[in-house]
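Structure first, commentary second.
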Amino acid sequence: MKKNPTRDYAAAAFAFYAAAGGPEPYRRKMWAQTIEQGGGAQQEKQAMAQRAAELQDLEAVERTLQQLSRLPAGREAVMAVHLVYMLHPGAPVARGDISARVQRAALLIPAGEASVYRYLAHARRLFAMERGLRV
(Lines give C-alpha, C1' and ligand atoms only; values in the text may rest on other atoms or scores of the structure.)
Protein backbone atom coordinates (compact mmCIF):
# COMPACT_ATOMS: atom_id res chain seq x y z
CA MET A 1 0.00 0.00 0.00
CA LYS A 2 1.22 3.49 -0.83
CA LYS A 3 2.28 5.69 2.06
CA ASN A 4 0.08 8.74 2.42
CA PRO A 5 1.06 11.16 5.22
CA THR A 6 -2.11 13.22 4.79
CA ARG A 7 -4.24 10.12 5.33
CA ASP A 8 -2.36 9.22 8.49
CA TYR A 9 -2.47 12.80 9.81
CA ALA A 10 -6.22 13.10 9.17
CA ALA A 11 -6.95 9.73 10.77
CA ALA A 12 -4.91 10.72 13.83
CA ALA A 13 -6.74 14.06 14.01
CA PHE A 14 -10.14 12.34 13.95
CA ALA A 15 -9.02 9.99 16.74
CA PHE A 16 -7.63 12.92 18.75
CA TYR A 17 -10.95 14.73 18.34
CA ALA A 18 -12.78 11.72 19.76
CA ALA A 19 -10.34 11.42 22.67
CA ALA A 20 -10.44 15.15 23.49
CA GLY A 21 -14.20 15.45 23.14
CA GLY A 22 -13.97 18.43 20.80
CA PRO A 23 -12.37 21.88 20.91
CA GLU A 24 -14.23 23.34 23.90
CA PRO A 25 -13.48 20.61 26.46
CA TYR A 26 -9.88 20.63 25.20
CA ARG A 27 -9.62 24.42 25.71
CA ARG A 28 -10.96 24.14 29.26
CA LYS A 29 -8.56 21.31 30.07
CA MET A 30 -5.54 23.15 28.65
CA TRP A 31 -6.49 26.36 30.43
CA ALA A 32 -6.72 24.51 33.74
CA GLN A 33 -3.34 22.84 33.16
CA THR A 34 -1.71 26.15 32.26
CA ILE A 35 -2.94 27.78 35.44
CA GLU A 36 -1.95 24.76 37.53
CA GLN A 37 1.58 24.35 36.13
CA GLY A 38 2.99 27.83 35.84
CA GLY A 39 6.48 26.96 34.58
CA GLY A 40 9.25 28.83 32.76
CA ALA A 41 8.80 31.15 29.84
CA GLN A 42 10.53 28.92 27.25
CA GLN A 43 8.62 25.81 28.28
CA GLU A 44 5.42 27.79 28.26
CA LYS A 45 6.03 29.03 24.69
CA GLN A 46 6.65 25.52 23.43
CA ALA A 47 3.59 24.16 25.21
CA MET A 48 1.40 26.97 23.84
CA ALA A 49 2.60 26.31 20.28
CA GLN A 50 1.79 22.59 20.66
CA ARG A 51 -1.64 23.36 22.10
CA ALA A 52 -2.39 25.83 19.31
CA ALA A 53 -1.62 23.21 16.65
CA GLU A 54 -3.75 20.63 18.44
CA LEU A 55 -6.60 23.12 18.77
CA GLN A 56 -6.40 23.89 15.03
CA ASP A 57 -6.72 20.17 14.33
CA LEU A 58 -9.77 19.90 16.57
CA GLU A 59 -11.45 22.88 14.96
CA ALA A 60 -10.70 21.54 11.48
CA VAL A 61 -12.24 18.18 12.39
CA GLU A 62 -15.34 19.91 13.74
CA ARG A 63 -15.75 21.95 10.54
CA THR A 64 -15.18 18.79 8.48
CA LEU A 65 -17.91 16.90 10.32
CA GLN A 66 -20.28 19.84 9.85
CA GLN A 67 -19.56 19.94 6.11
CA LEU A 68 -19.98 16.18 5.81
CA SER A 69 -23.35 16.29 7.53
CA ARG A 70 -24.64 18.75 4.92
CA LEU A 71 -23.95 16.37 2.02
CA PRO A 72 -26.72 14.21 0.51
CA ALA A 73 -25.10 11.10 2.03
CA GLY A 74 -23.83 13.10 5.00
CA ARG A 75 -25.35 10.99 7.73
CA GLU A 76 -23.66 7.89 6.35
CA ALA A 77 -20.33 9.69 5.88
CA VAL A 78 -20.32 11.00 9.46
CA MET A 79 -21.23 7.54 10.74
CA ALA A 80 -18.38 6.03 8.71
CA VAL A 81 -15.88 8.48 10.20
CA HIS A 82 -17.13 7.76 13.71
CA LEU A 83 -17.17 3.99 13.27
CA VAL A 84 -13.73 3.77 11.63
CA TYR A 85 -11.57 6.58 13.02
CA MET A 86 -13.22 7.46 16.34
CA LEU A 87 -14.10 4.02 17.67
CA HIS A 88 -11.28 3.49 20.21
CA PRO A 89 -9.38 6.80 20.13
CA GLY A 90 -6.81 6.03 22.81
CA ALA A 91 -5.81 2.62 21.52
CA PRO A 92 -3.09 2.24 18.89
CA VAL A 93 -4.27 1.07 15.48
CA ALA A 94 -2.95 -2.40 14.69
CA ARG A 95 -2.52 -3.93 11.28
CA GLY A 96 -5.91 -4.80 9.79
CA ASP A 97 -7.93 -2.70 12.27
CA ILE A 98 -9.07 -0.15 9.70
CA SER A 99 -10.29 -2.77 7.23
CA ALA A 100 -12.11 -4.63 10.01
CA ARG A 101 -13.75 -1.40 11.13
CA VAL A 102 -14.71 -0.60 7.52
CA GLN A 103 -16.35 -4.04 7.21
CA ARG A 104 -18.25 -3.43 10.44
CA ALA A 105 -19.28 0.06 9.32
CA ALA A 106 -20.51 -1.32 6.00
CA LEU A 107 -22.87 -3.59 7.92
CA LEU A 108 -24.08 -0.92 10.35
CA ILE A 109 -24.61 2.01 7.95
CA PRO A 110 -25.67 -0.03 5.61
CA ALA A 111 -23.44 0.65 2.63
CA GLY A 112 -20.89 -1.22 0.61
CA GLU A 113 -17.27 -1.27 1.71
CA ALA A 114 -16.31 0.78 -1.35
CA SER A 115 -18.80 3.45 -0.31
CA VAL A 116 -17.39 3.54 3.21
CA TYR A 117 -13.87 3.98 1.83
CA ARG A 118 -15.17 6.80 -0.42
CA TYR A 119 -16.79 8.51 2.57
CA LEU A 120 -13.54 8.28 4.50
CA ALA A 121 -11.48 9.59 1.58
CA HIS A 122 -13.85 12.53 1.18
CA ALA A 123 -13.65 13.27 4.91
CA ARG A 124 -9.84 13.21 4.79
CA ARG A 125 -9.79 15.58 1.78
CA LEU A 126 -12.18 17.97 3.53
CA PHE A 127 -10.05 17.86 6.67
CA ALA A 128 -6.88 18.56 4.69
CA MET A 129 -8.50 21.54 3.01
CA GLU A 130 -9.84 22.85 6.33
CA ARG A 131 -6.46 22.42 8.00
CA GLY A 132 -4.58 23.98 5.07
CA LEU A 133 -2.57 20.89 4.21
CA ARG A 134 -1.28 20.25 0.72
CA VAL A 135 -3.37 17.55 -0.89
Side-chain angles (χ1 to χ4, degrees):
M1 180 176 264
K2 231 164 64 168
K3 188 71 175 163
N4 186 343
T6 306
R7 181 193 65 213
D8 297 341
Y9 186 83
F14 285 120
F16 179 63
Y17 179 87
E24 283 308 311
Y26 182 76
R27 274 192 195 102
R28 286 192 295 272
K29 179 182 167 191
M30 290 302 109
W31 181 254
Q33 284 181 355
T34 301
I35 291 172
E36 183 180 296
Q37 288 175 351
Q42 184 63 25
Q43 290 175 341
E44 186 66 26
K45 277 177 114 173
Q46 291 173 345
M48 291 301 283
Q50 176 69 27
R51 291 177 188 149
E54 290 172 346
L55 190 58
Q56 287 175 345
D57 285 347
L58 292 173
E59 291 170 346
V61 168
E62 193 165 83
R63 288 190 304 270
T64 299
L65 292 175
Q66 288 172 354
Q67 286 183 15
L68 278 176
S69 66
R70 290 187 207 122
L71 296 173
R75 182 182 155 280
E76 292 85 2
V78 171
M79 276 184 67
V81 169
H82 280 283
L83 290 171
V84 175
Y85 292 140
M86 299 180 176
L87 188 58
H88 299 292
V93 179
R95 183 180 181 106
D97 278 353
I98 296 295
S99 62
R101 291 177 186 180
V102 166
Q103 290 171 356
R104 183 172 183 265
L107 294 173
L108 294 175
I109 290 178
E113 286 183 38
S115 294
V116 173
Y117 279 115
R118 273 193 302 274
Y119 297 149
L120 296 175
H122 189 66
R124 290 191 308 264
R125 277 193 306 275
L126 281 175
F127 171 78
M129 289 181 349
E130 285 293 329
R131 187 62 174 90
L133 303 174
R134 287 182 283 185
V135 184

The ring-ring contact (aromatic ring centres under 6.0 Å, His included) partners of Phe16 (sequence neighbours excluded) come to Tyr26
Practice prompt. Please report the C-alpha distance between Tyr17 and Leu65 in whole Å, then the side-chain angles of each, then the deciding distance to 0.1 Å, and finally whether the side-chain contact (heavy atoms from CB on, under 4.5 Å) criterion is met.
Written response: CA-CA 11 Å; Tyr17 179 87; Leu65 292 175; 3.9 Å; yes
Can you sort out the partners of [X] under side-chain contact (heavy atoms from CB on, under 4.5 Å), two or more places apart, ordered by chain and number?
{"X": "Ala19", "answer": "Pro89"}
{"X": "Arg104", "answer": "Leu83, Leu87, Leu108"}
{"X": "Ala12", "answer": "none"}
{"X": "Glu130", "answer": "Ala60, Arg63, Thr64, Gln67"}

Output for pair (Leu126 CG, Arg131 CZ), nearest 0.5 Å, gives 15.5 Å
To the nearest 0.5 Å, atom OG1 of Thr6 lies from atom CZ of Phe127 at 9.5 Å
For [X], salt bridge (Lys or Arg N to Asp or Glu O under 4.0 Å) partners two or more places apart:
{"X": "Arg101", "answer": "none"}
{"X": "Asp97", "answer": "none"}
{"X": "Glu59", "answer": "Arg27"}

Tyr119 reachable from Met79 in the ILVMFWY side-chain graph, under 4.5 Å edges:
no
Query raised in the report: If you group Ile, Leu, Val, Met, Phe, Trp and Tyr by side-chain heavy-atom gaps below 4.5 Å, do Leu133 and Met129 land in one group?
Result: yes
Applied to residues 65-87, the ring pair (Phe, Tyr, Trp, His ring centres under 6.0 Å) test, sequence neighbours excluded, yields Phe14-Tyr85
Contacts of Gln103 meeting side chain to side chain donor-acceptor pair (under 3.5 Å) (sequence neighbours excluded), chain-then-number -> none
- Message: Any heavy-atom pair between the side chains of Met86 and Val61 that's under 4.5 Å?
- Response: yes
For residues [X] and [Y], report the shortest heavy-atom separation together with the two atoms involved.
{"X": "Ala111", "Y": "Ser115", "result": "CB-CB, 4.1 Å"}
{"X": "Ser69", "Y": "Val78", "result": "N-CG2, 3.9 Å"}
{"X": "Val93", "Y": "Ile98", "result": "CG1-CG1, 4.0 Å"}

- Task: Give the intermediate values and the outcome of side-chain contact (heavy atoms from CB on, under 4.5 Å) for residues Leu71 and Leu68.
- Result: CA-CA 5 Å; Leu71 296 173; Leu68 278 176; 3.8 Å; yes
